[in-house]
Structure formats: structure tokens, C-alpha cells
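As the structure is a computational prediction, the values presented were derived from the model and not from experiment.
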Number of protein chains: 2
Amino acid sequence: MAGDKRLYRGIVDKILASIDAGEFPPGGRLPPERELAERYNVSRPTIREAIIALEALDRVEVKTGSGVYVVESSKGWNGIDLSISPFELTEARAMIEGEAAALAAIMITNEQLGKLELVLREMEDESPAVYENADKNFHGIIARVTGNKMLDSVIANLWYVRDNSPSVHRAYQAICETDGSVRVAEHMEIFEALKERDDKKARDAMHQHFSRIINKLMIASEKEEMEAIQRKMHESRERFSLNHLVSSR
Amino acid sequence: MAGDKRLYRGIVDKILASIDAGEFPPGGRLPPERELAERYNVSRPTIREAIIALEALDRVEVKTGSGVYVVESSKGWNGIDLSISPFELTEARAMIEGEAAALAAIMITNEQLGKLELVLREMEDESPAVYENADKNFHGIIARVTGNKMLDSVIANLWYVRDNSPSVHRAYQAICETDGSVRVAEHMEIFEALKERDDKKARDAMHQHFSRIINKLMIASEKEEMEAIQRKMHESRERFSLNHLVSSR
DNA sequence: GTCAGATAGCTGGCATTACCATTTGAAGGA
DNA sequence: TCCTTCAAATGGTAATGCCAGCTATCTGAC
């Protein structure tokens, strides 16, 4: 299912999923190769191949005779700095993609505008997967329209961080629940600016787009912190309720 | 020798060396696994492990039933796209570092301004190594001043490409010969804008800085092309001079 | 004679088994 | 109590066998 062709790739995905799910905590040890082989119904060489692939990705570290350990994700396990906050990422995106939009406005062709319009329609889809993909396509096309491969690469890198940094990814997941029509409208403003070949307007539209995202992030963040405080107070109340002293009175 | 512990790592290094040595040309096919096993005196599973590691490094691509092919190095074997031109990099730097400068202008502290001033003095040094380093520091400090780790990371990535993409690096080498005082003056404009906490002025100064670099790149590029044409004509002249027909007259 | 289909051989994909080297921890002795 | 020792666990590697997909050649029909 997960493995298209090579079996070991499927195993890599499954192990990665187990790591992300917390079953194999960072710093902890993976089950022995023989056990994993039995668990996934594959041979031990296949497990070894998967582990070697994970090792190449800097996700695990094998110690001969001891075991294979999940690498501490506190640092940058994939070259990305996990300490980057959703706000930092969004600010950077606003600045960089804003300039990209401005440049794209004076470079874009009618054919590329057509592509953007198609993607814009996909964005109305209710399915999160479809919408996510359309969103990525929209911004990706604009990056490509600039005709600057360096810029395109940088923006691709921003998306990579967005998808692969757990904290950032979670934060973005939390705010993508709004109904499609609203966010389609936001992207529409950008599209209109590009259509008019108005670079300043395109930059502004892009800035506003990310400004709205920042706002949503802040609201979500605030809400989350409030809940955390309430949870903590609830725990304290249970712990120090002194009910065990006064209950049987 | 090469393999400290795991055997497959040694094989990876050897195959990589063979690729770099031109024995396995890019786009070409590696010898079959069984042959490699015999060649390096290891078992086939070990060869498979090495190939999987190479695959994870995007150095080879395996096609079931056909063979394993060396990936075209024209793209990014080190994550960097070698096809990025100096102009593209500089344009991207102008856009991104321009925004960074604007943000830095409203974030910078007096202490950070002091650091910049020190670096500015180093820039007067005649030694290319010292000047290069000061230049990198100057832009690096500004990136850090923004307080945005994502932006800092992106700008560091731009420098990485500048230093590691052969074509870009060569182009930049060719234009850094101008006397120090001129380029110090350019950076001084940026510094003054930051000192005044004037974001627009900082952005403009940064843009002008890179605009000048683009101009130099264009002049150098033009000159290089001219020389190439002259060289070619010279060769043609020698080849078709007909001197061998008329010399002994 | 030419083109399409079949076949045989390579090539990688995976499983199985066996044995070796290192690590680790617990048992046993000082 | 501490140190030594040794055995079980775990990864490391080898050898072998068979399967599946691709390729190129060969063969047959048109």
C-alpha cells in the first residue's frame, strides 16, 4: 500500500510514522531488526535496508551490538531548524513571496495566468488534501513565474520547512479549518493583481494574505495557551484539593 | 580503510570515488550488483545497502530490472542547483536581503550597530580573504538582526550557493577586484540607513548595492564572451589561414 | 523484406539461513 | 561492595535461491 515499488520504502514510511506517533520516542531504541522483520512481515535484510535509508536521512543512529536509536529531534534532524516558529516562517514567507509576487506580476504570461485560474478553482474543494495541494501549487507557480531558479528554490525550501517542522506543521493544520471560499477570495486578490500586471498591488495582496495567516496563528496560539493554563490549573486543583483530608467528614 | 565500521559505507565511498573519477559517468549505468559484489569482495546484500544509501543521497537512481543509473549531476547533488546563474542569485539576494535590511532597520540595537561598524573597518583591508569574510559577516549580521531564524537560514543558504556553485563562485571572484574603498562606501550607505532606523532607505541602499553587483557581473560577462569570440576567431584564422598554401611562394 | 510478437537472458527485489563481532547486563567470585 | 567474567541479545556480513520486470534478440506472419 505505502510501498509503490521497493519494499523497504514502505517500511521506512511505517517506521517514520511510528516515530512521529510517539511509539518510538526520540532518543529511544527501535525494536531489534528481527522483531521488526516479524512485525512488518518482511525479511531482515529488508529491515536493514530501511534502517540504512533512515540513517541516511539522519533520523536514526545505529550502534553495533546495542541497537538503533531514534535521533534526538531537538536539533535539526533534516537540516531544518526546529526552533523556527510558525510566526517566523510566515513572516519570512510574506517578505520573500511578496517580492516574488511583485516580480511575477511583470513576468507572467497569459498561459501561466490560465494555470493559476485552474488551481484557484481546485482551491474551492472541500477536501483538505486537495485544498492543501492547490495552495502549494498556487504559490509554487508564482515562484516559477519569476523565472529565477534561486528564488524558486528558496520558496520551495520554505514549503519544506512548513511541512516538515512538526511545530510549524501543527500550527498550520490548526488554522486551515476555515471554509474554502474565504481563502479562495484571498488568493483571488493576488491573482487579480497578477492579471493586471500590477507589481505593487501583487506585493500588497501577498502581504495581506500572510498578514491574515499571522492573525489566525495568533488567535490559535492564544487559545492554545489559555487551554494549557486551564489544564494546568485543573491538575493543580486535583492534586491539592485536600479532598482526601476532608472527604469523610 | 574507508569504512570505519559498517562495510557498506566503505563501498559507498568507493563507488562515489569511481563516479567522481569518471569511471561511472553521469547518466550511465553502474555495473550489476553481482559484479560489484565480486569487484569489492563483499556480498550482494552489502552492495544493495550501499546502493540504497547512494539512492538516499540522490546520487543514483535504480530502475528495477534495468540497472542502477548515476544521476545527472547537472541538477543538485549537494542540494544546490548548479544551473543557477550568478544573475539569478544576485537578483534573489537583492529581493530577500533588501527586505531583511528593511526589517533590520527597525529592529537593530546600538550594540549591533557597533558590530557592523567594526566589520565595516575590516572591509577596507586589502587581503581578499579578510574582505570576503567581512562582507559575509556584514550581511550575516543584518540577517541575524531581523530576529527571524527562518530568514537568517534562507540568507545563509544564499551564501552557501554563492560559495559552492562553481559558476556563481567564479563569476563573483571575477568582479571582487575593485579597490576596497568603493565597496566600503556601498556598504556604508546601508549602514547609515540602519543607523537612522530608516527601513525604506535601508531597502533602497541594499537594492543599489546589488544593482551595482549586477552591473559588474554584466560587464564581466560581456567581456568574457567577447574574449571567447576573439579566441574562437583566432583559432579559425589559424585553421583556415591557408598559410600552408601560400607560405613558400 | 518488414514489422510484430515471443522468448531467453540479464538485472534488480526479496526471503532464508547461518555465523561472526560487539555490546550489555547479570551472575558469580574476590 | 566491587570487580571480573561470561552468556544472551543485537547488529554485521555472507551465501544462496527464487521471483519479477526489463531488454534485446530471434522468430514468425504478413
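Contact of the B:Leu151 side chain with the A:Met95 side chain is registered, since non-hydrogen atoms from C-beta on lie closer than 4.5 Å.
Not counting sequence neighbours, A:Glu35 has no partner by the salt bridge (Lys or Arg N to Asp or Glu O under 4.0 Å) test. Residues meeting the salt bridge (Lys or Arg N to Asp or Glu O under 4.0 Å) test with B:Arg44, sequence neighbours left out: B:Glu33. Legend: residues meeting salt bridge (Lys or Arg N to Asp or Glu O under 4.0 Å) with A:Lys115, ordered by chain and number and at least two apart, are absent. Scanning for side chain to side chain contact (heavy atoms under 4.5 Å, CB included) contacts around A:Asn110 gives A:Leu113, A:Arg197, with sequence neighbours left out. Taking A:Glu38 as the reference, nothing meets the salt bridge (Lys or Arg N to Asp or Glu O under 4.0 Å) condition, with sequence neighbours excluded. Applying the side-chain hydrogen bond (donor to acceptor under 3.5 Å, both in side chains) rule to A:Thr90 yields the partners A:Tyr172; only residues at least two apart in sequence or on another chain are considered.
Across the protein-nucleic acid pair, B:Arg9 atom CZ and D:dG12 atom C1' stand 14 Å apart, rounded to whole Å.
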Using atom names, set out every protein N or O paired with an N or O of nucleotides 21-23 of chain D below 3.5 Å, distance rounded to 0.1 Å.
{"unit_1": "D:dG21", "atom_1": "N2", "unit_2": "B:Gly65", "atom_2": "O", "d": "3.3"}

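Taking 4.0 Å as the cutoff to heavy atoms of chain B, we find the contact window on DNA chain C bounded by C:dT11 to C:dC14.
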Working for side chain to side chain donor-acceptor pair (under 3.5 Å), residues B:Asn148 and A:Glu91 | CA-CA 8 Å; B:Asn148 186 313; A:Glu91 183 181 57; 2.7 Å; yes
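Within the structure, ring-ring contact (aromatic ring centres under 6.0 Å, His included) contacts touching residues 7-65 of chain B (residues at least two apart or in different chains) do not occur.
Between A:Gln112 and A:Thr109, the side chains place a donor N or O and an acceptor N or O closer than 3.5 Å (distance only, hydrogens not considered).
A heavy atom lying under 4.0 Å from DNA chain C marks the following residues of residues 43-55 of chain B, by number: B:Arg44, B:Arg48. Residues from residues 29-41 of chain B placing a heavy atom under 4.0 Å of any atom in DNA chain D, listed by number, are B:Arg34, B:Asn41.
For the atom pair CG of A:Asn41 and CG of A:Leu7, the computed distance is 10.0 Å after rounding to the nearest 0.5 Å. The NE2 atom of A:His139 sits 5.0 Å away from the CZ atom of A:Arg93 when rounded to the nearest 0.5 Å.
Between the axis at the start and the axis at the end of the helix from C:dG1-D:dC30 to C:dA30-D:dT1 there is an angle of 0°, using five pairs per end and rounding to 10 degrees.
A:Glu227 CD: more than 12 foreign heavy atoms inside a 6.0 Å radius.
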